[in-house]
Amino acid sequence: MAIAGAAARLDRPRRAVGTVVFVVFLDLVGFGIVVPILPYYVRSFGVGDVFIGLLAATYSLTQFLAAPALGRASDRWGRRPVITLSLAGSAVAWTVFGLGDPVGDAAGPLAGVAVLFCSRALAGAMGGNIAAAQAYVADVTPRERRAAALGLVGASFSLGFIFGPAIGGALASDTAVRLAAPLPIPATPFSLPAFGAAAMSLVALAVALFALEEPDRRRTSGERSSLVSDFVTALRDPDLRGLVLSFFLVSVAFAGIQVMFIPFVADAAAYRFDAAAAALLLTYVGVLGAVNQGLLVGRLADRFGSGRLAVVGAGLLAVALAALPFAPVLGGFLSSVGGPAWLTTELVALLGILAVLSVGNGLLNPSLAALVSSSADASKQGTAFGVTQGAGSLGRTVGPPVAAGLYALAYWSPFVAGAVVVLPVVGLLLERMKGRA
């Protein structure tokens with residue numbers, strides 16, 4: 001019987017890891033393209049900010065429902081078919097997302113918002129492919145190098161948030177809209193980024209079809225299980241229980257902050273950022289995340305172990321979340337930094353807090369993924385990652401609406417609440433380490 005530390009046979013495993021990381025990167029570029037414009041897109045229909053949270057929750061809810069099934073299907077039928085199918089679905093979803101503007105103009109704002117919800121539901125279901133991608137990397141990588149390899153998957157997320165928001169900001173510009181006006185497509189600051197995201201999914205699909213090999217590994221039997229039974233089994237497993245809960249809690253906190261961060265920097269008197277400026281901030285966070293996860297995680301995991309890195313990452317993340325809404329106040333205590341007029345002390349404080357947040361998140365997520373991989377049988381890697389990604393998706397379903405409601409009450413409350421939610425993760429991880437000592 002295969003064991004969790006064994007790697008599947010593949011002629012060129014490093015090339016295979018590089019290919020799947022590149023596919024995830026292209027897919028995440030598409031996702032990142034629409035992130036900076038989404039809150040402004042929702043507000044363009046004249047609806048309240050709570051719809052921003054609900055729209056994010058719709059994506060995460062369908063991802064929660066689909067991720068375990070996709071992970072299980074990848075165990076049974078193969079990683080490559082699941083990855084390619086989901087990329088094709090993502091291309092369709094982002095295309096539909098771009099049609100919200102013209103539908104809203106023709107049939108009214110509520111119809112346009114309904115299109116956004118339908119497209120985000122499909123995109124979320126297809127977004128469950130990350131479980132198959134993580135399982136693919138775990139298949140072809142020995143246990144001792146798995147944290148570093150999974151860190152590359154995490155780095156592809158961050159790289160997607162380097163290029164994606166920058167591309168999205170460019171496609172949303174007046175210049176891009178004017179240049180696209182003669183084309184036979186709806187050309188608005190919101191439709192063009194969505195179509196750009198669809199194009200990135202199609203490119204990722206082409207790469208997966210022509211360059212991604214299926215690893216030669218032991219498949220599971222045809223036995224069927226349900227989403228509920230997969231979760232019950234994972235929660236009964238002492239090695240996986242704390243990790244599943246950790247994924248859920250971190251996702252509740254982080255997803256809420258992701259959704260309300262752009263409204264915060266748009267509304268705060270010290271910033272008043274538009275979509276282009278918000279995209280630059282997200283690009284900055286993406287650069288830091290790519291460096292952290294691509295260069296640091298593997299080396300640090302070799303020296304300190306994934307468990308310790310996860311604990312440190314969770315602690316840094318909690319500190320950064322709590323400090324984030326008070327960046328303008330903290331900036332008031334800094335001395336003038338000189339330089340261009342736009343580089344205010346309030347902005348310097350925000351950039352510093354975002355750096356801490358990026359380091360914490362960069363240490364935590366790939367370390368949790370490595371712990372999941374080492375705790376699951378080799379033939380069940382897809383199922384294990386599907387369950388933990390499903391737990392994360394459930395957290396991302398709960399977090400955004402709650403954060404949006406808290407933001408309406410007090411701008412700082414969702415950030416502080418997120419920090420409080422992350423603190424138990426430190427305890428869960430420490431307890432796990434103690435049990436294995």
Side-chain angles (χ1 to χ4, degrees), residues 21 24-25 28 130 133-134 137-138 141 143-162 242-255 257-258 261 282 284-324 351-375 385 388-389 391-392 395-396 415 418-434 436:
V21 167
V24 172
F25 161 70
L28 267 294
I130 302 302
Q134 289 175 316
V137 171
T141 308
R143 178 184 293 181
E144 62 272 14
R145 294 203 299 269
R146 205 164 285 167
L150 289 168
L152 292 177
V153 177
S156 69
F157 277 73
S158 299
L159 286 171
F161 277 88
I162 294 173
L243 299 175
V244 172
L245 292 175
S246 294
F247 268 95
F248 171 73
L249 293 173
V250 170
S251 298
V252 168
F254 201 73
I257 302 314
Q258 281 182 314
F261 174 71
L282 294 176
Y284 164 76
V285 174
V287 170
L288 293 177
V291 172
N292 293 333
Q293 299 190 58
L295 299 179
L296 296 181
V297 171
R299 297 175 184 177
L300 293 175
D302 290 340
R303 183 171 181 180
F304 299 106
S306 296
R308 289 188 179 91
L309 290 191
V311 170
V312 173
L316 291 175
L317 184 59
V319 170
L321 292 178
L324 189 58
L351 294 177
I353 293 169
L354 290 175
V356 176
L357 184 148
S358 179
V359 171
N361 189 55
L363 294 177
L364 178 59
N365 280 320
S367 298
L368 283 177
L371 292 173
V372 169
S373 178
S374 65
S375 300
F385 281 119
T388 53
Q389 188 183 346
R396 289 187 292 273
F415 304 93
V420 172
V421 168
V422 170
L423 287 178
V425 174
V426 177
L428 287 169
L429 293 172
L430 288 173
E431 185 65 25
R432 187 180 190 278
M433 291 175 60
K434 181 180 178 182
R436 288 174 167 257

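Heavy-atom basis, side chains included; hydrogens, waters and symmetry copies ignored. Everything quoted here is computed from the prediction, not taken from an experiment.
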Do Leu368 and Leu243 touch side chain to side chain, with heavy atoms closer than 4.5 Å?
yes
In terms of heavy-atom contacts, Leu371 and Ser306 come closest through CD2-CB, 4.0 Å
To the nearest 0.5 Å, what is the distance between CG on Leu351 and CG on Leu288?
9.0 Å
From Ser358 OG over to Leu317 CG, what is the distance, rounded to the nearest 0.5 angstrom?
10.5 Å
Between Val422 and Phe254, is there a side-chain heavy-atom distance shorter than 4.5 Å?
no
Which is it for Leu429 and Arg308 under the side chain to side chain contact (heavy atoms under 4.5 Å, CB included) test, yes or no, and what are the steps along the way?
CA-CA 8 Å; Leu429 293 172; Arg308 289 188 179 91; over 6 Å; no
Beyond-backbone contact of Leu249 with Leu428, side-chain heavy atoms, under 4.5 angstrom
yes
With a 4.5 Å limit on heavy-atom distance, are the side chains of Phe248 and Val244 in contact?
no
Please report the shortest heavy-atom distance between Ala355 and Tyr284, naming the atom on each side.
CB-OH, 3.8 Å
Between Leu324 and Leu354, is a side chain to side chain contact (heavy atoms under 4.5 Å, CB included) present by the stated rule, with each step listed?
CA-CA 8 Å; Leu324 189 58; Leu354 290 175; 4.0 Å; yes
Minimum-distance pair of heavy atoms, taken over all atoms of Ala419 and Ala318
CB-O, 3.2 Å
What closest approach, in Å, do Ala369 and Phe247 show between heavy atoms, and which atom pair accounts for it?
N-CZ, 4.1 Å
Locate the shortest heavy-atom distance separating Val425 from Val250; write the atom from each residue and the value.
CG2-CG2, 3.8 Å
Checking Leu321 against Leu357 for the side chain to side chain contact (heavy atoms under 4.5 Å, CB included) test, could you report, in this order, the C-alpha distance in whole Å, the side-chain angles of both residues, the deciding distance, and whether it holds?
CA-CA 7 Å; Leu321 292 178; Leu357 184 148; 3.8 Å; yes
